[in-house]
Amino acid sequence: MIYNPKIIEAKWKKKHKKFNFFKINKNSKKKFYILNMFPYPSGYGLHIGHSIGYIFSDIISKYKSGLKFNVLNPIGFDSFGLPAEQYAINTGNPPIKIINKSIKKYKNQLKNLGVFFNWKKIINTCSSKYYKWTQWIFLKLFNYYFDKKTNKAKKIKKLINKLKKKTKWNKLNNKNKEKILNKYRLAYLKKSYINWCPKLNSVLANEEVVNGKSERGGYLVFKKKMVQWHLRITKYINRLLKDYKYLNWPKYIKNIQKKWIGKKKVYFFIIKLRNKKLKIFVKKKFDKIFNIIFNFPSNYIDFLLKRYKNKKKIINFINKKNYSFKTYKILIIFKNSLKQSINIYISNYYKNNYIKNIYVDTNNNKLFNNIKNNFIINLKDKIIYNFLLKNIYIYNLNDLVFSRQRYWGEPIPIYYKNGIPKPIKIKYLPLKLPFIKKNIFLNKKFQLNKLKKWTWDVKTHKITYNKFIKKKKHIYPLDTNTMPSFAASNWYYLRYISPKYDKFLIKKKEYKYWKNVDLYIGGIEHINGHLLYSRFCNKFLKDINIVNNKEPYKQFINQGTILNNTYSIYKYKNRFISYDNINKYNISHLQKFYIDKKYIIKNKKLDINNIKKNNIYNYTFILNNKNEFLCKKKIEKMSKSKFNIITPEEIIKVWGIDCYRLYLIFLGPFNKKKIWTIDKIKGMKRFLYKIWNFILNIKKYKKYNNTYNSIFNNYINKINLNYKKLLIHKNISLFMKLLNILIKKNISSINIKKKFLILLSPYIPYITEELWYKLGQNKSIFYERQPIIKSNKKEYVKYIIMINNRKKDIIFINKKNNNLNYIKLKIKEKKYFFNKKNFFKKYIFIKNKILNILILQKKN
RNA sequence: GUCUAGAUGGUGAAAUAGGUAAACACGCAGGACUUAAAAUCCUGUAAUUCAAUUCAAUGAAUUUUGCGGGUUCGAUUCCCGCUCUAGACACCA
């Protein structure tokens, strides 16, 4: 019988459909909630980089299940967001259609990885059954404020009672009342900047802006102020910082987040400029200032050259980095000329890098020019001495902007009664996102403010037509914004526990069992976004008694990104320039385009004919002097837009699922970045064949012998230790070593074979199931217990003998004689020792490890 | 620019309370089997130098974990300073 992965994998995929891996054993109280960050179902499907995380969590959960834990390993889809909307603009299809199609594709791909997900617990954030509770949380945030004394969220009604006692609350009109409450609400309205493109007449995401111009059309983009919903995360900063002690996260991950929160003690002083007072923040108590700089996007000013203490050094520094000292200037634009606080500052140091962070108020172009001309201060001439410094705490983290001017997101369940925001009553949630017909999207950005039916009837509690507003008094306009993508991911880990429960966002009974996530797996790019926001959300939910745990994710491991080669070409005006000639052109005018690898002939050479044939770019290509056109080759993160994606299917098709799983894990440590290569997969295939042949070729029946047992136990110990440390890639080497030993010693004990298969089963489910079945077993291998060795007594101690720090020998000493004198006796007659009899010796003896003999030549 | 991580043979990598550097694989070279190829199996494989060679068995020294320093009997591991690479940077998810 020859190992044929295609047949075996197809067979067991079918059988596993009926296999309830996640069946809960009520006798066991041990639970293990393992979670992967859920995917965004993009139309392109998942690539290798995603699948490695699912395979990792699958191996861990199969192992934990083998230790008789009840395991929860769910999957869902984070389906609101920009890409679906962009796809809709390109094709004219409504986003929901695309998303459903993509989810289907994803499900198929996920089911083709040998991964056991709890499919009964699937969630989808764009379904109204899910976002009902996202809206519910938003309304709670709206109706709560942060009480400084208790350090907790409390109902806004309590605040009103307090205000009634202290102030003349009742005499205020509703608008003024709301103005005050807005300062306290955890979800509140405030003006902040957005990217505004007048030509497209729409708001753009950062991603849609390239070098200050819109990605589609290349029109100028400006920063414009708009009233937006914000979440008051800053009130929770002290708690977020304090609770790191409960988190079993890698230190550097915590540090990234801590730095992002960026709590700092700073000093500030006030200077006068042309009758305007400016408050300027500095990090340290300096007594001189040479230059002041904004550290974007935070709201304080930093010293650029804090490490240099005198002016000469600054000048040297500037010369070194090719900055001209002449243009060493600051430009200040006022956020609001009445309030006179600084908002913007540009220096030439930032050059092109920071253009995207400069805010320009387009409503006020004249003001902009005025300021530009009048407020350029050359600090070369103005050194400010001796001013008063006061200190305060500032944070890098700002409150979260919660409004998005897009269609494809959760509608914000708020209507405006005479301009005052009012929540829709909870029992009338969800406020459903209206379905939009096909043709409306084509080539247009669609937003809720273009709807004809988007007002709220307070009597019927239903959405109704805008035209009724003037006629009837009980109809009010709804908020036309939607929520950002993090709104859904903030709390999704709770929904998995009871995804079908209608009455509340969690079923308390089930929550009490599963609680928070034991092991969370995801990309490092989410640390400052999702991971921070969902910690904040969890703390709020704890304040309002929905959850009991301080933190949502006990342990976190970040998944290393998979990188692959990218090829790009550069355009200058209407010509493409070969990469080796690029220095001749002004970098800021060059436009970069990624190229598919199939258009690369050799190394970096571009196949221009092929490109022209396929009508990809209709511009002239300027060749180099060898008559070639070279691209830029770089190693970058896998992404569809960079044409460097590898999909699991193309590998599985050739090698099979087991082989693919084994190889991905074997590539290296899970949390380190990896550059993609396929070269080494052959070794995995060989290993699978070896296993197959070892298990099935029952040649001679050797009696099961104790020494093999101890070797085996030793390996089992190591394997379990690696699981504990989450270094599961190392186990594959151990499996290989173990198999090599078993084959060499010609072992054919059925018990050993069985144990070996159980050890392998989390990694390679299909081949082990098949062999398990072939060994005459009826039940699935995943019902078996993973072997654990309780104690492993060793009789001998290994010593490394070194002379002058060089290894000379390895000796084994019985535990009874574990001392220096005995070892000395033992090595006395050895050549390396005997030779140097007459020299002075110094012994460095480390018990159970090493004997280092330093031999020094005697001076006459 | 700010922040974070990383750098070990031809390649992926292994080795952490500081103690055998290169396990396990890939590749390559040589051999076995085969008409041939594939597959499989066996042997060798960090570098340099020296010794030894009829057969057999090899033996010894030095260097080496991106670069330059430091601490230590001993550093891939700890400290300081560089270089390079990748990632994040608030409306991508």
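Per chain, numbering begins at 1; letters A, B, ... match sequence-line order. Note that the structure is predicted; figures quoted are calculated from it, not measured.
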N/O contacts under 3.5 Å, protein versus nucleotides 77-81 of chain B?
none

Practice item. Please determine which of A/Phe77, A/Tyr492, A/Tyr130 meets the ring pair (Phe, Tyr, Trp, His ring centres under 6.0 Å) test together with A/Phe38. Key: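 So, applying the ring pair (Phe, Tyr, Trp, His ring centres under 6.0 Å) to A/Phe38 and each of A/Phe77, A/Tyr492, A/Tyr130, only A/Tyr492 qualifies.
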Point to revise | C1' gap between B/A88 and B/U72, integer Å | key: 38 Å
Review point. Using atom C1' of each nucleotide, how far apart are B/A21 and B/U64 to the nearest Å?
Key: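 About 9 Å, rounded to a whole number of Å.
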Please check the phosphate of [N] (OP1 and OP2 only) for any side-chain N or O of [X] closer than 4.0 Å.
| X | N | result |
| --- | --- | --- |
| A/His526 | B/C92 | no |
| A/Thr561 | B/G87 | no |
| A/Lys682 | B/G27 | yes |
| A/Lys637 | B/A88 | yes |
| A/Asn740 | B/A25 | yes |
| A/Arg686 | B/A25 | no |
| A/Lys673 | B/G12 | no |
| A/Arg806 | B/A21 | no |
| A/Lys259 | B/U4 | yes |

Check your understanding: Can the positive tip of A/Lys718 be found less than 6.0 Å from the middle of the six-membered ring of A/Tyr715, inside 45° of the ring normal?
Key ->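 Satisfied, under 6.0 Å and within 45°.
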Review point. Could A/Lys254 and A/Tyr244 be counted as a cation-pi pair, given that NZ or CZ must be under 6.0 Å from the ring centre and within 45° of the axis?
Key: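 A/Lys254 over A/Tyr244 ring: no.
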Review point. Going by atom types alone, do A/Asn740 and A/Lys690 pair a side-chain donor with an acceptor below 3.5 Å?
Key: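 Indeed, the side chains of A/Asn740 and A/Lys690 share at least one donor-acceptor pair under 3.5 Å.
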Exercise for review: Verify whether one side chain among A/Ser485 and A/Tyr40 offers a donor that lies under 3.5 Å from an acceptor in the other.
Suggested key: no
Exercise for review: Assign B/G9 to syn or anti; the rule is syn for a glycosidic angle within 90° of 0 and anti otherwise.
Suggested key: syn
Check your understanding: Whom does B/U43 pair with, Watson-Crick or G-U wobble, provided both distances fall under 3.5 Å?
Key ->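 Here B/U43 is engaged in a pair, and the nucleotide opposite it is B/A29.
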